Number of protein chains: 2
Amino acid sequence: MKPITLKDISEKLGISVTTVSKALKGYPDVSKKTRALVKELAETLNYKPNAFAVNLRTEESKTIGLIIPEIVHHFFSSVIKGIISQAEKKGYLVIILQSNESYDLEKKQLDLLVSKRVDGILISLANGTADFKHITDIMDQGKPIVMFDKIAKIVKCSKVIIDDRKAAYTATQHLIDTGCKRIAHFRGPLLPQNSIDRFLGYKKALEDNGMTYDPSLVYIFDDMTFEVGEMFARKILSEHTDVDGIFVNTDLVAIGAITEFNRQGVNIPKDISIVGFSNWFMSSAITPSLTTINQPGFEMGKMAFKQLYRELKAKKKKKQITPKIIELETNLVQRNSTRS
Amino acid sequence: MKPITLKDISEKLGISVTTVSKALKGYPDVSKKTRALVKELAETLNYKPNAFAVNLRTEESKTIGLIIPEIVHHFFSSVIKGIISQAEKKGYLVIILQSNESYDLEKKQLDLLVSKRVDGILISLANGTADFKHITDIMDQGKPIVMFDKIAKIVKCSKVIIDDRKAAYTATQHLIDTGCKRIAHFRGPLLPQNSIDRFLGYKKALEDNGMTYDPSLVYIFDDMTFEVGEMFARKILSEHTDVDGIFVNTDLVAIGAITEFNRQGVNIPKDISIVGFSNWFMSSAITPSLTTINQPGFEMGKMAFKQLYRELKAKKKKKQITPKIIELETNLVQRNSTRS
DNA sequence: GATTTTACCGAAAACGTTTTCGATTTCGTA
DNA sequence: TACGAAATCGAAAACGTTTTCGGTAAAATC
């Protein structure tokens, strides 16, 4: 009933635990004969090293932690998939925690992961996170940590991101190129870096094209939901009847807006053109299909783990780690919510 | 630089490691004074017990494993969220693995989790899984395991499910009640239990209403994708022009079908009515919105963990565990893809 | 004052592994 | 035959915790 241990094998073979361990791990100072004997018995007894003991001895668990603001979300679940698939290839397991966009939870969970002694941490920041001591504390302990998507520019760790500013600029420029004269922006929350950057890209595009930037056309909201999209669509129709283009922070909200515009008989893209962000795969299914910025979630997850893995290996060799910023390419996916 | 240990505290205080441990864990045989002293020092030194050592000593890690066929999926990611949120409340961490609907991977991952010595396992079976020795082997080792959603009736472990047959019956009955005379079924893959049960519910509803069951109206496919929905919609239009109702195995495929029907100028629900399955939240956003069966993913995740937790506790007290089948309620959500 | 009870503490073993380092054996060579 | 080198092995320490069990001192009881 009890699991097989090295001792069991050593007793059955009349040799020491040491030799058994070394045979199994391929040490050179054990004869071919005993090595074969040990390996065979281990096989037939279905020996599995006690991970707890190995962890204690080696001070590593081949497990990493992942903190993400929201799991039920197409982009983030794609990232998770990328991380897990890559981690599995390298023999790492992933513990997932969800911060629910709450700074307090994020902090508590980071603490939990550290106390569980994961080897490293992958994190995408909560919208509410403005202070970063909980992050830098962990870095100071020498535990590798890499951020992705929602990052803090000020923290000196590795990051995997897209150029939100450039992507937003491209999106807005596309609206201008297709004839929009008065362009609104559904911006999302105030704090997170990518929300800021997308806003800046939007503003820059307006200015570069000699259009006046009007703050009243920028809509701020904390919950990025379908319903918020519907609500702001109504707001646009009542407050700013001259708006003929909208750059929306995220596809889900854009789809909410499209649904409401459809309901109100507004013609998309003729009356109002819309560009989203993320290329959430549902965007191709809605009518009209949504022009959007493709954001490579799976790829981002893969890259984030790869970087963490590099740092894990560097740490083992006691090498210095220099933070690295990895920027992934985005592209505009042109569909039917903008004129062509 | 090195983390604080019990020994560090004991030396600074001039007492034994034993007493420090007992003080921290609230044993009665340590005086209030020393207890206070220890707790205070532990606090100021920011002592965190070495999880590896605790695991080794107690033979448990407060970590469970979760194997799921696909992460990027609204229903499953809702389940994950339910599991994680509940686990966190009870102080458990969750390691997530994705089987990609592959039996081989599922087996390998189960093995991996066991060798990492997780306390228990939550699993939703891959479509291809027809043999269950890898599951029963683990149960025989006394490791608690509970299945959810995609289960195997034959395995004697706890399960959290919905009554797929009843739900499918309700869905089909709704099509009949709203006037459909010839109803097709997009069934999905052959093996998994819920695919079978939904098919049986569909068939039973036809028979109970005196309609003939026609096998050529049942479409089988392995990949439950948007594109498959589009493809089968075209097939219906070319092969069975008399079909006026479809019960689809899963919302995503239904939405693909709707998109294709829209494209071909078919009027939904007048020409063809459609009912989906899952109440994937996008179903309310598409035009026409999709009538579907609401499947409580978050709730299912919560319940699955709760049951596993019960078994974990029972095992600790060396109590016998009797497998429990937990059935969650579903309901028909009536929208615009069926007549009213 | 002697004895029992209670309160408090610590030594030591145990969990299973890894790794260092010294010991022993075997072998080839002089 | 003797000696150094190479091959093979194992004792023991270490990782940090938990828990049993016995011991001592103080308090309570007679």
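The chains referred to below are lettered A, B, ... by the order of the sequence lines, with proteins before strands, and numbering in each begins at 1. This one's a predicted model, so the numbers in the text were calculated from it and none came from an experiment.
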Whole-Å distance between [N] [atom2] and [X] [atom1]?
{"X": "A:Glu11", "N": "C:dT17", "atom1": "CD", "atom2": "C1'", "value": "15 Å"}
{"X": "B:Leu56", "N": "C:dT17", "atom1": "CG", "atom2": "C1'", "value": "8 Å"}
{"X": "B:Arg117", "N": "C:dG16", "atom1": "CZ", "atom2": "P", "value": "8 Å"}
{"X": "B:Lys7", "N": "D:dA13", "atom1": "NZ", "atom2": "P", "value": "14 Å"}
{"X": "B:Leu13", "N": "C:dG10", "atom1": "CG", "atom2": "P", "value": "10 Å"}
{"X": "B:Leu6", "N": "C:dA11", "atom1": "CG", "atom2": "C1'", "value": "16 Å"}
{"X": "A:Glu60", "N": "D:dC15", "atom1": "CD", "atom2": "P", "value": "17 Å"}
{"X": "B:Tyr47", "N": "D:dT17", "atom1": "OH", "atom2": "C1'", "value": "7 Å"}

By the 4.0 Å heavy-atom rule, please label [X] as base, sugar-phosphate, or nothing.
{"X": "A:Lys22", "value": "base"}
{"X": "A:Pro49", "value": "sugar-phosphate"}
{"X": "A:Phe52", "value": "nothing"}
{"X": "A:Ser31", "value": "sugar-phosphate"}

Exercise. Got A:Val160 and A:Asp149 here, is their nearest side-chain heavy-atom distance under 4.5 Å?
Worked result: no

Less than 4.0 angstrom from a charged side-chain N to a carboxylate O is my criterion; do [X] and [Y] meet it?
{"X": "A:Arg117", "Y": "A:Glu60", "value": "no"}
{"X": "B:Glu327", "Y": "B:Lys159", "value": "no"}
{"X": "B:Lys2", "Y": "B:Asp8", "value": "no"}

Exercise. Where the side chain of B:Ile15 is defined as all heavy atoms beyond and including C-beta, which of C:dG10, D:dT17, C:dT19 is the nearest nucleotide?
Worked result: C:dG10

Problem set entry | Proximal nucleotide (of D:dG10, D:dC9, C:dC9) relative to the A:Val30 side chain | D:dC9

Would you say [N] has OP1 or OP2 under 4.0 Å from some side-chain N or O of [X]?
{"X": "A:Ser16", "N": "D:dA11", "answer": "no"}
{"X": "B:Lys32", "N": "C:dC8", "answer": "no"}
{"X": "A:Ser21", "N": "C:dG16", "answer": "no"}

Problem set entry | Residue met sooner reading DNA chain C from 5', once A:Thr58 and B:Thr19 are mapped to nucleotides | B:Thr19

Problem set entry | Earlier contact from the 5' end, DNA chain C, for B:Glu59 and B:Thr18 | B:Thr18

Exercise. Do you know which two heavy atoms are closest between A:Gln109 and A:Gln98, and how far apart they sit?
Worked result: NE2-O, 2.9 Å

For this session: May I ask you to verify whether the side chain of B:Asp29 and the base of C:dC8 hold a donor-acceptor pair under 3.5 Å?
Result: no

